[in-house]
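Read through the structure below, which is laid out as structure tokens, and then see the notes.
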Amino acid sequence: MRKRLATPGPTEVPQRLLLAGAQEIIHHRSVEMEALVADINDALPRIFSTTQDVYTIVSSGTGSMEAAVANLFTRGEKVLVVSNGYFGERFLGIVRAYGLEAVVVSSRWGTSVDPAQVAAAYADHPDLRGVLVVHSETSTGALNDVKAIGRLFADTDVLVIVDAISGLVSHELKMDEWGLDVVLAASHKAFMLPPGLAFIAVSQRAWAKAETIDAQAYYWSFKRLRQFHPMPPSSPAVSLQLALHESLRMIESEGLEAIQKRQRVIGDSTMRALVAVGFRPFVEPPNERNYVVTAVTAPQGLDTSELLEVLSTRYGVTMTGGQGEFVGSLLRVGHVGSVDLLDIAAIIAAVELSLLQLNHSFTIGAASSALITAYHEENQ
Ligand SMILES: *Cc1c(COP(=O)(O)O)cnc(C)c1O
């Protein structure tokens, strides 16, 4: 049975990238590596819309989140954590582990955070040193307005740290123009690669702060990354970098705008397909959703845990549900990366087949028909 990943990370890796990663290993202190790294370091800042260097580290996404906290803040400093999902909570956990004082601005899971709430928190806490915010909240499907949040702190010395791990590439993000100080991304989301690399871009304002701090970090040290740049400070994940080189070529040849349009059309079409068989959009208002994942609440009487089980055992399709109180009611269809209409058509067909298997009552073909209609309309 062919396996299909409809998860928002890891994502499916196109064959072209698997093959690039299967090349012979090159030594990391070699002329070939220098050339590889030069191309990567040249392309990454364009993806982040920054003139700063972007550092590639061997880590899952979370390591880059921890590195940002470890290098930019010291014990007892006050930061604001914007939290409307699982990854916002993760930032909070890291901030607490490092002994920072956290002010939390939260909003209900499935909503995005109102930048006015962030402004109000800053008015109450003028001693804030940083703001940590997730761009695309993969756990709920919401998109936070990091452009507006960045603008709030443009003329301050408050550092804005953005987890764009699933949002970068999938959505517009302009690091320099929006005044973002640290932007984080990872290989296994829109870069279409296996997990294992994270990317960190650091603004001038953040460097000025980092210079003054005796960071409790060695492997995660920003200063060490900069000292060795353009080469990696310790053994890089060479195979992943070979694949990254190819992934950046794919991203640049399609173009960020074209990718973002594809993501939007796929996201909207997937939503219309699921709504046609009784699911409801989880994000409220629905236009504040992200296009990394389509998150929906199941119709009455349907347990998404059972649906996920049938999808995976009978059809080889992996999707995700919800966490905590949303286990059993939430369904998340990931479609970040290389996904196209026909991939989604297969996924939606598998959903219909699984609903039949579960004796759920619906009109056969309704989701597939809505998908094709929506896609056709949006591509006119
Ligand atoms: C995937 C993801 C992460 C990082 O998770 P890892 O498992 O550490 O790679 C962080 N934030 C968001 C929004 C994500 O989607």
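Each ligand, and each atom within it, is numbered from 1 in the order the structure gives.
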| said: Going by the rule salt bridge (charged side-chain N to carboxylate O under 4.0 Å, His left out), which residues pair with D127 if we only count those two or more places apart in sequence or in a different chain? | reply: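 Per chain and number, D127 pairs via salt bridge (charged side-chain N to carboxylate O under 4.0 Å, His left out) with K78.
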| said: Could you work out, with salt bridge (charged side-chain N to carboxylate O under 4.0 Å, His left out) as the rule, every residue matching D157, not counting sequence neighbours? | reply: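 Scan of D157 (salt bridge (charged side-chain N to carboxylate O under 4.0 Å, His left out), adjacent residues dropped) gives R129.
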Please give the N or O to N or O pairs under 3.5 Å between ligand 1 and the protein, distances rounded to 0.1 Å.
unit_1	atom_1	unit_2	atom_2	d
ligand 1	8 (O)	S60	OG	2.6
ligand 1	8 (O)	G61	N	3.3
ligand 1	8 (O)	T62	N	2.9
ligand 1	8 (O)	T62	OG1	2.4
ligand 1	9 (O)	G61	N	2.9
ligand 1	9 (O)	H188	NE2	2.9
ligand 1	11 (N)	D163	OD1	3.3
ligand 1	11 (N)	D163	OD2	2.6
ligand 1	15 (O)	T138	OG1	2.5
ligand 1	15 (O)	K189	NZ	2.7

| message | Does this structure show an ion pair linking R264 with E378, if we count only N-O contacts that are shorter than 4.0 Å? | response | yes
| Are the side chain of R332 and the backbone N or O of T138 linked by a donor-acceptor pair below 3.5 Å? | yes
| Hey, what's the ring geometry for F282 with F326, parallel, tilted or perpendicular (30° and 60° as the breaks)? |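 The arrangement is perpendicular - the two ring planes meet at more than 60°.
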| Under the side chain to side chain donor-acceptor pair (under 3.5 Å) test, residues paired with Q260 that sit two or more places apart |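 Scan of Q260 (side chain to side chain donor-acceptor pair (under 3.5 Å), adjacent residues dropped) gives none.
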